[in-house]
Peer 1: 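This is the structure I want to talk about, given as structure tokens.
This structure is a prediction, so every number in the text was calculated from the model and none was measured. We use all heavy atoms of the structure for the numbers below, so side chains are in, but hydrogens, waters and symmetry mates are not.
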Amino acid sequence: MPVDFDDSPDEAGYRARVRALLEEHAGELLHLAPGQEGIDARTHEAEMRRTQRVLAEAGLVGVTWPREYGGQGGTLVQQAIVAQELARARVPGLINHIGIGMCGPTVIAHGSQEQRERYLARLLRADDVWCQLFSEPASGSDLAALRTTAVRDGDGWVVNGQKVWTTLAHVSDFGILLTRTDPEKPKHAGLTMFVVDMHAPGVTVRPLRQMGGRADFNEVFFDDVRIPDEERLGEPGEGWRVALTTLMNERVAIGGAGGAIGAPVEEFAQHARERLPRLDPERQVLARQAVGRAVVAALAARYTGYRRLTVLSQGGIPGPEASAGKLAGTEAGLLMADAGVRLLGDDAVYAATADGDDRWQRTQSWLPGISIAGGTDQVLRNILGERVLGLPPEPRSDKTAPFSGGTR
């Protein structure tokens, strides 16, 4: 299929409207400083909530959500345009990106009407920030092996267990929580999903310090946490089906628009132009090779993303491309970050350059975590092998045998 690298007339008009809205509200929005790649949600929580509220009122949040749930009823292409224009205006990523990209769509697909009315409008405005409580110390890539239990007790459930690597739990008001409700069934069949109040008695959040110095991830403990049955998403035992909705949206959110994750290739190229001449000849040879590999990977991911957006703009339906986009974007981002640090020469041994620029070291330190989020690289390769190449799946007796992982 031919790839259209330009906006259609309708898309160009939409981009102009988005740009005008951002200029109109520029004084109300939080902005990144030059060279700054992100903002610590813990430090700037109030400002980031306010920024999202302003954007939501301008119609720039929940672009693809149905109008009846507070969204704009727009397309994925329009959502990509908004993301591009926010980056151009140096507006940081939305504080509620987990809620918008993963939790909200799950509530829309599997929640009751009362849950949708109670949660979705507040989620879009960042009145409530959400997190996704999936991974555990003994169940990361094998998510269905989780051990956090929810036991029926009258008109509610009592939850005990632990989650880990939970992004934004430290500032979240609610989360979607995947639990085991029937240990006698095969592991995929004994799961149930809930909405959980992150301020409920028995919920403990402990930040995890990352090697980049920030604490965006957390471990979360549940000790006899009571959840009303009306906060269940889907029927008991249907948690895996509900979780697949979340995971599909997560991969679209991370890799759906295409391109390298972490930094624009233009910024990386400028970094290479500035730093390459400062290296000694031997280092220049190695650095040029690393730069070339990174640029090729980043542009390949970008143009593959353009193909995906072209299909969507013509009314196509996204398939396993989200997994491919996330996989390619992560790999390209890692290559750019590693080459970006190599270009620093002797300065690479420090936490930042002499003028305080730490973006390449910081990007290099947090990108390995992205290669795990939304499915590890190995899981995504299995998905592509089975669903795109038609390769036979590996034998998995654990899918049919009763769960044997024990409980907390």
Peer 1: With the side chain counted from C-beta on, respond yes when Trp65 and Pro105 share a heavy-atom pair under 4.5 Å apart, and no when they do not.
Peer 2: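 Touching, per the 4.5 Å side-chain cut-off.
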
Peer 1: Assess whether a salt bridge exists between Asp347 and Arg278, defined as any Lys/Arg side-chain N lying under 4.0 Å from an Asp/Glu carboxylate O.
Peer 2: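 No, this pair does not count.
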
Peer 1: Check the pair Val82 / Leu55 against side chain to side chain contact (heavy atoms under 4.5 Å, CB included), numbers first and verdict last.
Peer 2: CA-CA 10 Å; Val82 170; Leu55 293 173; over 6 Å; no

Peer 1: Does the side chain of Asp155 come within less than 4.5 Å of Asp229's, by heavy atoms?
Peer 2: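 Of all side-chain heavy-atom pairs linking Asp155 with Asp229, none is under 4.5 Å.
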
Peer 1: Does any part of the side chain of Phe222, heavy atoms only, come nearer than 4.5 Å to the side chain of Val196, both counted from C-beta?
Peer 2: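 Yes, their side chains come closer than 4.5 Å.
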
Peer 1: I'd like to know if Glu266 and Arg88 make a salt bridge, using a cut-off of under 4.0 Å between side-chain N and carboxylate O.
Peer 2: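 Between Arg88 and Glu266 there is no salt bridge, as every charged N stays at least 4.0 Å from the carboxylate O atoms.
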
Peer 1: Just how far is it from atom CZ of Arg49 to atom CG of Leu94, taken to the nearest 0.5 Å?
Peer 2: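 If I round to the nearest 0.5 Å, the distance is 13.0 Å.
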
Peer 1: Just verifying a value: how many Å separate His97 NE2 and Met102 CE, rounded to the nearest 0.5 Å?
Peer 2: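 Rounded to the nearest 0.5 Å, the NE2-CE separation comes to 7.0 Å.
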
Peer 1: Spell out, as yes or no, whether a donor-acceptor pair under 3.5 Å connects the side chain of Arg180 to the backbone of Lys187.
Peer 2: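 Here the side-chain-to-backbone pair exists.
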
Peer 1: In sequence, state the C-alpha distance, the side-chain angles, and the governing distance for Leu343 and Leu276, and then conclude on side chain to side chain contact (heavy atoms under 4.5 Å, CB included).
Peer 2: CA-CA 6 Å; Leu343 286 165; Leu276 265 173; 3.6 Å; yes

Peer 1: For the pair Glu274 and Gln270, evaluate side-chain hydrogen bond (donor to acceptor under 3.5 Å, both in side chains) and give the outcome as yes or no after the intermediate values.
Peer 2: CA-CA 6 Å; Glu274 294 173 356; Gln270 180 61 33; 3.0 Å; yes

Peer 1: When you measure from the side chain of Thr64 to the backbone N and O of Gly74, does any donor-acceptor pair fall under 3.5 Å?
Peer 2: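 Side chain of Thr64 to backbone of Gly74, a donor-acceptor pair under 3.5 Å: no, none is there.
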
Peer 1: Name the residue from Thr179, Asp153, Asp197, Val159 that meets the side-chain contact (heavy atoms from CB on, under 4.5 Å) definition with Ile227.
Peer 2: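 Going through Thr179, Asp153, Asp197, Val159 one by one, the side-chain contact (heavy atoms from CB on, under 4.5 Å) with Ile227 is satisfied by Val159 alone.
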
Peer 1: Start with the C-alpha gap between Arg381 and Gln378, add the side-chain angles, then the distance that decides, and say whether side-chain hydrogen bond (donor to acceptor under 3.5 Å, both in side chains) holds.
Peer 2: CA-CA 5 Å; Arg381 289 190 180 98; Gln378 291 78 10; 5.3 Å; no

Peer 1: Can you tell me how far CD of Gln78 sits from CG of Asp10, rounded to the nearest 0.5 angstrom?
Peer 2: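 Between Asp10 CG and Gln78 CD, I get 8.5 Å after rounding to 0.5 Å.
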
Peer 1: Looking only at non-hydrogen atoms, find the nearest pair between Arg342 and Ala290 and report the distance.
Peer 2: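 Closest pair (atom of Arg342, atom of Ala290, distance): NE-CB, 3.9 Å.
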
Peer 1: Quick check against the 3.5 Å criterion: does Arg116 have a side-chain atom that pairs as donor or acceptor with the backbone of Gly111?
Peer 2: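 At least one qualifying donor-acceptor pair exists.
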
Peer 1: What distance do Tyr14 atom OH and Thr75 atom OG1 have between them, rounded to the nearest 0.5 Å?
Peer 2: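 Atom-to-atom, Tyr14:OH and Thr75:OG1 are 7.5 Å apart.
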
Peer 1: Where is the tightest heavy-atom contact between Lys163 and Leu178, given as atom of each residue plus distance?
Peer 2: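 Heavy atoms of Lys163 and Leu178 come nearest at NZ-O, 2.8 Å.
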
Peer 1: For residues Leu30 and Pro92, report the shortest heavy-atom separation together with the two atoms involved.
Peer 2: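 It is O-CD, 3.0 Å.
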
Peer 1: Nearest heavy-atom pair of Ala41 and Val171: which atoms, and what distance?
Peer 2: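 Distance-wise, the nearest heavy atoms are O-CG1, 4.4 Å.
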
Peer 1: Any sub-3.5 Å donor-acceptor pair from Glu136's side-chain atoms to Arg147's backbone N or O?
Peer 2: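 Checked: pair present.
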
Peer 1: Would you say the side chains of Trp130 and Asn96 form a donor-acceptor pair under 3.5 Å?
Peer 2: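 Absent: no donor and acceptor within the cut-off.
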
Peer 1: With no hydrogens and no angle check, do the side chains of Thr246 and Gln132 hold a donor and an acceptor under 3.5 Å apart?
Peer 2: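 No, no side-chain donor-acceptor contact under 3.5 Å.
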
Peer 1: Quick one: does Ile100's side chain get under 4.5 Å of Leu123's, heavy atoms only?
Peer 2: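 Result yes, sub-4.5 Å side-chain heavy-atom pair found.
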
Peer 1: Using 4.0 Å as the upper bound for N to carboxylate O, is an ion pair formed by Arg122 and Asp173?
Peer 2: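 So Asp173 does not pair with Arg122 through a salt bridge.
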
Peer 1: Using modelled atom types and a 3.5 Å cut-off, is there a donor and acceptor pairing between side-chain atoms of Glu231 and backbone atoms of Val195?
Peer 2: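 Not confirmed, Glu231 side chain does not pair with Val195 backbone.
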
Peer 1: Determine, for Arg15 against Glu85, whether the closest basic-nitrogen to carboxylate-oxygen distance falls under 4.0 angstrom.
Peer 2: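 Salt bridge present between Arg15 and Glu85.
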
Peer 1: Return yes if some donor-acceptor pair links the side-chain N/O of Gln361 with the main-chain N/O of Ala348 below 3.5 Å, else return no.
Peer 2: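 No; zero donor-acceptor contacts below 3.5 Å.
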
Peer 1: Could you tell me the separation between the OG1 atom of Thr51 and the NE2 atom of His31, rounded to the nearest 0.5 Å?
Peer 2: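 Going from the OG1 atom of Thr51 to the NE2 atom of His31 covers 8.0 Å.
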
Peer 1: Would you check if there is a donor-acceptor pair between the side chains of Gln115 and Arg118 at a distance under 3.5 Å?
Peer 2: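 Not at all, the side chains of Arg118 and Gln115 share no donor-acceptor pair under 3.5 Å.
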
Peer 1: Got a salt bridge between Arg53 and Glu57, using NZ or NE/NH1/NH2 to carboxylate O under 4.0 Å?
Peer 2: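 No salt bridge links Arg53 with Glu57.
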
Peer 1: Do you know the tightest heavy-atom contact between Ser139 and Ala145?
Peer 2: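 Heavy atoms only, the tightest pair is CB-C, 3.7 Å.
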
Peer 1: State, with a plain yes or no, whether a side-chain heavy atom of Thr148 is found less than 4.5 Å away from one of Leu133.
Peer 2: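 With C-beta onward as the side chain, the pair stays apart.
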
Peer 1: Show the nearest heavy-atom pair for residues Val225 and Ala200, with the distance to one decimal.
Peer 2: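 Result for this residue pair: CG1-CB, 4.3 Å.
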
Peer 1: Hey, is the main chain of Val54 close enough, under 3.5 Å, to the side chain of His25 for a donor-acceptor pair?
Peer 2: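 Judged by distance alone, no pair lies under 3.5 Å.
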
Peer 1: Flag the pair Arg359 / Glu267 as yes when at least one side-chain heavy-atom distance between them is below 4.5 Å, and no otherwise.
Peer 2: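 A side-chain contact under 4.5 Å exists here.
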
Peer 1: Any ion pair linking Arg42 and Asp40 (charged N to carboxylate O, less than 4.0 Å)?
Peer 2: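 Not counted as a salt bridge, because no side-chain N and carboxylate O are separated by less than 4.0 Å.
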
Peer 1: Counting neighbours of CH2 on Trp165 that are heavy atoms of other residues, nucleotides or ligands and sit closer than 6.0 Å, is the number greater than 12?
Peer 2: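 Counting other residues, nucleotides and ligands, CH2 of Trp165 stays at 12 neighbours or fewer.
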
Peer 1: Could you tell me if the side chain of Thr181 sits less than 4.5 Å from the side chain of Trp157, heavy atoms only?
Peer 2: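 Yes, close enough: below the 4.5 Å cut-off.
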
Peer 1: If I take atom CG from residue Asp377 and atom CG from residue Asn382, how far apart are they, to the nearest 0.5 angstrom?
Peer 2: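 Answer rounded to 0.5 Å: 11.5 Å.
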
Peer 1: Between Leu22 and Leu60, is any pair of side-chain heavy atoms under 4.5 Å apart?
Peer 2: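 Side chain of Leu22 against side chain of Leu60, heavy atoms only: contact under 4.5 Å found.
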
